[in-house]
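Each chain gets a letter, A, B and so on, in the order the sequences are listed, and its residues count up from 1. The model shown is predicted, which means the values in this text are computed figures rather than measured ones.
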2 protein chains.
Amino acid sequence: MTTTERPLRADAQRNLERIIASARSLFAEQGAQAQMEDIAAHAGVGIGTLYRRFPTKESLMTALVRERFQEFAVIAEEVERTTDPADALPTVMRRHAEAVEHDAAFQLAMMNLESFHWQGIEEDKKVLRATIARIIARGKKAGTVRANLRVDDYGILMCSTTAAMYFITDKSGWRRQQEIILAGLRPE
Amino acid sequence: MTTTERPLRADAQRNLERIIASARSLFAEQGAQAQMEDIAAHAGVGIGTLYRRFPTKESLMTALVRERFQEFAVIAEEVERTTDPADALPTVMRRHAEAVEHDAAFQLAMMNLESFHWQGIEEDKKVLRATIARIIARGKKAGTVRANLRVDDYGILMCSTTAAMYFITDKSGWRRQQEIILAGLRPE
DNA sequence: ACCTGAACACCGTTCAAGT
DNA sequence: ACCTGAACACCGTTCAAGT
């Protein structure tokens, strides 16, 4: 999994991007039962090409999650650099949530991944996880984060916010949700 | 849906119970991709019998959720009757969670229902929802529940706890999770 | 009324042929 | 290297026949 792949042929690369974009839009529209055939067609490629890149439907969903995770890592590092340690944790959580606020496909994928843990996305998690761990530690030191919070809690807490985005009809109902969680994160 | 059904024939009733028990155990073991055929076989009935009671796989999962919801209603009423209004909300949430702590099938079903809302289980929700609404209102009056909490938040908050049960490997990791949520529920 | 399971349909996945 | 789509396999669902 430490795959340092060499670049794809130009057309293949374009196809890959189209596939991902199509997957994102069809999953968002139709939910998890959007069909592989339809995604391929929407991307303008044969079904075989889709399977060449993503050997299973689940691997395609995972790819959607993975892309966002990489974005999450960038966001987390930026927040760590630029935000007061006392506010950093709530800030990342909000920024991460906002990053996927309109990505129904991601929200869906998070809930449908057969065994997600936030462990699932092995490599991508590492950097992100390390950054989050530091942010949490500093928050504790600053006295704004409850002592018994663990890094592993982060994933599920975020997961529950994305679920809220997907389920709550009210446009930005997830914010009230997250506000509750953020309040709970503070020391007693 | 205001179906007041007359009782099933004795053998049919027994089959129904077996089907539900089998579904619970197979979903718990194998996740959502447990097969209808296998569930029928495990229950000792033909596949046709399974479909006679549950016209789709999703309706079978919904049934598992529905049973628990009825139990939830009973629990909520009991808590309302016997617990200090100031503590009632955290108490129901804990008791509801404990009720499904070992029911992996329920946890899974909650996450897989195509459009859950907690709205999904129409009739069963009503009583439960009304009780929860009163508990929340009294909690606010007692000053132990934040003012901007809505009844509809309850479902998603609980949902995130069941997700935690399913995902967190740590035996009772969901308790720490819920503790955070409960803390967040209190006024600022 | 209820049960059964063979048959059907749909959709995820494979693979031989093509550039 | 990569693309294609017909063919295959699996599994959810139906329905004609049986008690």
How long is the line joining [atom1] of [X] and [atom2] of [N], in whole Å?
X	N	atom1	atom2	answer
A/M36	D/dC10	CE	P	18 Å
B/D11	D/dG18	CG	C1'	15 Å
B/I39	D/dG12	CD1	P	8 Å
B/K57	C/dC11	NZ	C1'	14 Å
B/I47	C/dT4	CD1	C1'	11 Å
A/L60	C/dG12	CG	C1'	12 Å
A/Q13	D/dA1	CD	P	16 Å
A/Q30	C/dG12	CD	P	11 Å

Please state whether the phosphate of [N], meaning OP1 or OP2, lies under 4.0 angstrom from any side-chain nitrogen or oxygen of [X].
X	N	answer
A/T49	D/dC2	no
B/R52	C/dC2	yes
B/Y51	D/dT13	yes

Any salt bridge linking A/R146 with A/D153? Criterion: basic side-chain nitrogen under 4.0 Å from a carboxylate oxygen. no

Using a strict 4.0 Å threshold on nitrogen-to-oxygen distance, state whether B/E71 and B/R68 make a salt bridge. yes

pair_partner(D/dC3), Watson-Crick or wobble, both distances < 3.5 Å, evaluates to none

Pair partner, D/dG12 [Watson-Crick or wobble, under 3.5 Å]: C/dC8

Is the closest side-chain heavy-atom distance between A/I132 and A/F72 below 4.5 Å? no

Using side-chain heavy atoms (C-beta onward) and a distance below 4.5 Å, is B/F27 in contact with B/D103? no

Given DNA chain C, 5'-ward residue of the pair B/N15 and B/E37, judged by closest heavy atom: B/N15

Can you tell me how the ring of A/Y154 sits relative to the ring of A/H96, calling it parallel under 30°, perpendicular over 60° and tilted otherwise? perpendicular

Base, sugar-phosphate, or nothing: which does B/R53 touch, judged by heavy atoms less than 4.0 Å apart? sugar-phosphate

